[in-house]
Amino acid sequence: MGSMTHLIVAKFKEGVVMEDIKKGVEKMASQIDCIKSFEWGEDFGSNETLRKGFTHALLVTFESSEGFHAYLSHPAHVEFGAIFRAAVDKYLVLDFPTDLVKSPTPKK
């Protein structure tokens with residue numbers, strides 16, 4: 001099996017300081033070597049009917065399923081996971097092997 005992707009879509013509770021969450025994400029990602037890439041973003045205006053109340057997405061990729069499984073039990077992930085779960089109103093998680101359809105275009 002090739003790369004693995006971990007997708008989290010979340011709606012944070014009212015009053016959560018998003019800068020604190022972002023710092024927590026950055027700290028966690030910097031401590032876990034098996035992470036290939038970690039992307040984070042806030043929805044900027046999707047139709048509410050389509051968004052279903054979710055406001056943020058986190059996308060984590062790994063070279064292999066072994067790396068993904070190591071991430072799940074890594075102390076930095078376990079610690080941040082507790083903070084994350086306390087800060088969200090609701091979330092959705094999908095974990096899947098990645099089938100690359102089109103590679104990102106290199107920046108010039």
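- For residues 20-31, there are no salt bridge (charged side-chain N to carboxylate O under 4.0 Å, His left out) pairs, not counting sequence neighbours.
- Rounding to the nearest 0.5 Å places CE of Met28 at 10.5 Å from CD of Glu79.
- In this structure the side chain of Asp33 never reaches within 4.5 angstrom of the side chain of Ile35, judged on heavy atoms.
- Phe96 and Leu58 fall into different hydrophobic clusters, where Ile, Leu, Val, Met, Phe, Trp and Tyr residues are linked whenever their side-chain heavy atoms come under 4.5 Å apart, directly or through other members.
- The backbone N or O of Ala10 lies less than 3.5 Å from a partner atom in the side chain of Thr55, making a donor-acceptor pair.
- His74 pairs by the side-chain hydrogen bond (donor to acceptor under 3.5 Å, both in side chains) definition with nothing, not counting sequence neighbours.
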Stepwise side chain to side chain contact (heavy atoms under 4.5 Å, CB included) check, Val88 with Lys13: CA-CA 5 Å; Val88 294; Lys13 294 177 181 175; 5.8 Å; no
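- Put simply, the side chain of Arg51 never gets that close to the backbone of Asn47: no donor and acceptor are under 3.5 Å apart.
- In this pair, Tyr91 and Phe84 present their aromatic rings perpendicular. The plane angle is above 60°, beyond the 30 to 60° band.
- Leu59 places none of its side-chain heavy atoms less than 4.5 Å from the side chain of Phe38.
- Hydrophobic clustering (side-chain heavy atoms under 4.5 Å, transitive across Ile, Leu, Val, Met, Phe, Trp, Tyr) keeps Val78 apart from Tyr71.
- Side-chain contact between Thr5 and Val60 is absent, with no heavy-atom pair separated by less than 4.5 Å.
- In this pair, Phe68 and His6 present their aromatic rings tilted. The plane angle is within the 30 to 60° band.
- Using a 4.5 Å heavy-atom threshold, the side chains of Asp43 and Phe54 count as separate.
- Here the NE2 atom belonging to His56 is positioned 13.0 Å from the CD1 atom belonging to Ile8, to the nearest 0.5 angstrom.
- The CZ atom of Phe12 sits 13.0 Å away from atom NZ of Lys90, with the distance rounded to the nearest 0.5 Å.
- Expressed to the nearest 0.5 Å, how far CE of Met4 lies from SG of Cys34 amounts to 11.5 Å.
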Residues Thr61, Ser3; criterion side chain to side chain contact (heavy atoms under 4.5 Å, CB included); working and verdict: CA-CA 7 Å; Thr61 57; Ser3 296; 5.8 Å; no
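- One hydrophobic cluster, built from ILVMFWY side chains closer than 4.5 Å, holds both Val93 and Phe62.
- Rounded to the nearest 0.5 angstrom, Leu7 CG and Leu92 CG are separated by 7.0 Å.
- Ionic pairing of Asp89 and Lys11 is present here: one or more N-O contacts between side-chain nitrogen and carboxylate oxygen are shorter than 4.0 angstrom.
- Contact annotation: the side chain of Phe80 approaches that of Ile21 to within less than 4.5 Å [non-hydrogen atoms, C-beta and beyond].
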